[in-house]
Amino acid sequence: SESTEIPPYVTNCPSNGLCSRLPPDCMTCNTNYSCVYGKMATFDCKVKPHVHCVDEHNHEQENFTINMTCQFCWQLATSDYVCTNSTNCMTVSCPRQRYNATCTVRDHIHCLGNRVFPKMLYCNWTGGYKWSTALALSITLGGFGADRFYLGQWREGLGKLFSFGGLGIWTLIDVLLIGVGYVGPADGSLYI
């Protein structure tokens with residue numbers, strides 16, 4: 001007896017659409033071993049059970065071909081996949097830190113290999129601090145530590161406040177360091 005249970009992938013497969021436009025989870029394709037990396041190649045595909053699709057003439061079909069660039073999923077352009085973000089890594093560090101992300105290829109993109117893959121990405125998140133605001137505070141109220149208080153560095157801010165900006169020397173150095181982006185937010189995020 002045949003099972004009447006519908007597989008979970010069917011919910012992501014549009015019914016009676018073009019077979020060549022189906023998401024990769026809705027089809028099974030044979031590997032084209034003669035494809036040349038970076039070149040267009042043709043792959044023979046078959047729809048999975050319980051998936052219905054048509055050709056250009058609106059005739060239902062099971063076997064079809066798709067054209068795609070011959071490359072592995074992890075080699076796609078960054079706009080073709082979505083990765084997890086990390087908010088616990090420092091962006092203002094030398095050398096710049098990386099974190100392990102899990103990336104998933106977008107539904108409409110076809111590629112070879114695993115559609116979910118690990119990737120090392122640079123820390124790139126923001127806590128909402130503006131570089132222009134930090135620089136303006138450093139120039140105008142830097143002698144009172146306002147720039148360091150704004151960036152969340154309250155110990156340095158208190159030091160500048162009670163030393164009158166290191167008698168002006170610390171203030172000038174901070175204007176330079178904030179201006180070139182060497183001093184950033186205390187939480188390790190990037191400026192916006």
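The residues of the chain are indexed from 1 along the displayed sequence.
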Next on the checklist: Does any part of the side chain of Y81, heavy atoms only, come nearer than 4.5 Å to the side chain of K119, both counted from C-beta?
Outcome noted: yes
Item to check | Donor-acceptor contact below 3.5 Å, side chain R106 vs main chain S79 | outcome: yes
Checklist entry - Judged by atom type as modelled, is there a donor-acceptor pair below 3.5 Å linking the side chain of Y150 to the main-chain atoms of K130? => result yes
Next on the checklist: I'd like to know whether CZ of F164 has more than 12 heavy-atom contacts from other residues, nucleotides or ligands below 6.0 angstrom.
Outcome noted: no
Item to check | Side-chain touch F149/K160, heavy atoms, less than 4.5 angstrom | outcome: no
Checklist entry - Between F72 and W74, how do the two ring planes meet: parallel, tilted or perpendicular, split at 30° and 60°? => result parallel
Next on the checklist: Looking at D55, I'd like to know if its CG atom is crowded, meaning that more than 12 non-hydrogen atoms belonging to other residues, nucleotides or ligands lie closer than 6.0 Å.
Outcome noted: yes
Checklist entry - Is any side-chain heavy atom of T133 less than 4.5 Å from a side-chain heavy atom of Y191? => result no
Next on the checklist: Please determine whether residues W154 and F162 belong to a single hydrophobic cluster, defined as Ile, Leu, Val, Met, Phe, Trp and Tyr linked transitively by side-chain heavy-atom distances below 4.5 Å.
Outcome noted: yes
Checklist entry - Could you state the interatomic distance from SG (C13) to NE2 (H50), rounded to the nearest 0.5 Å? => result 11.5 Å
Checklist entry - Yes or no on side-chain contact (heavy atoms from CB on, under 4.5 Å) for N63 and D44, after CA distance, side-chain angles and deciding distance? => result CA-CA 7 Å; N63 299 314; D44 296 322; over 6 Å; no
Item to check | T102 side chain to T84 backbone, donor-acceptor under 3.5 Å | outcome: no
Checklist entry - Should the heavy atoms of other residues, nucleotides or ligands under 6.0 Å from NZ of K48 be counted, would the total exceed 12? => result yes
Checklist outcome for this item: dist N16:CG -> E60:CD (nearest 0.5 Å) comes out at 6.5 Å
Checklist entry - Is there a side-chain contact between T69 and M40 (heavy atoms, below 4.5 Å)? => result yes
Next on the checklist: Set out, in order, the CA-CA distance, both residues' side-chain angles and the distance that settles side-chain contact (heavy atoms from CB on, under 4.5 Å) for E156 and L151, then state yes or no.
Outcome noted: CA-CA 10 Å; E156 292 86 350; L151 294 173; over 6 Å; no
Item to check | Side-chain heavy atoms of Y182 within contact of L176, under 4.5 Å | outcome: no
Checklist entry - Is it true that atom CD of Q61 has more than 12 heavy atoms of other residues, nucleotides or ligands lying nearer than 6.0 Å? => result yes
Next on the checklist: Can you tell me how far apart CH2 (W170) and OG (S138) are? Round to the nearest 0.5 Å.
Outcome noted: 11.5 Å
Next on the checklist: Quick check: do K39 and C70 have side-chain heavy atoms less than 4.5 Å from each other?
Outcome noted: no
Item to check | ILVMFWY network linking V54 to V47, side-chain heavy atoms under 4.5 angstrom | outcome: no
Next on the checklist: So, taking the atom named CG in L22 and the one named NE2 in H110, what distance separates them when rounded to the nearest 0.5 Å?
Outcome noted: 8.0 Å
Item to check | Check against side chain to side chain donor-acceptor pair (under 3.5 Å), T42 and N67 | outcome: CA-CA 5 Å; T42 302; N67 294 317; 2.9 Å; yes
Checklist entry - Got F43 and M27 here, is their nearest side-chain heavy-atom distance under 4.5 Å? => result no
Item to check | Within one Ile-Leu-Val-Met-Phe-Trp-Tyr cluster: I169 and L161, side-chain cutoff 4.5 Å | outcome: yes
Next on the checklist: Measuring from atom CD1 of I139 to atom CD1 of I178, what distance do you get when rounded to the nearest 0.5 angstrom?
Outcome noted: 9.0 Å
Checklist entry - Quick check: does any side chain N or O of W131 sit under 3.5 Å from a backbone N or O of V180, one acting as donor and the other as acceptor? => result no
Checklist entry - Is there a side-chain contact (heavy atoms from CB on, under 4.5 Å) between Q153 and D147 once you walk through the steps? => result CA-CA 9 Å; Q153 302 171 359; D147 51 350; over 6 Å; no
Next on the checklist: State whether cysteine residues C19 and C53 meet the disulfide criterion of an SG-SG distance below 2.5 Å.
Outcome noted: yes
Checklist entry - Taking atom CG of L177 and atom CG of L135, what is their separation to the nearest 0.5 Å? => result 11.5 Å
Checklist entry - If you count the non-hydrogen atoms of other residues, nucleotides and ligands that lie under 6.0 Å from CZ in F144, is the total more than 12? => result no
Next on the checklist: Pair N100, M120 - check side-chain contact (heavy atoms from CB on, under 4.5 Å), show working.
Outcome noted: CA-CA 5 Å; N100 288 321; M120 290 291 289; 2.5 Å; yes
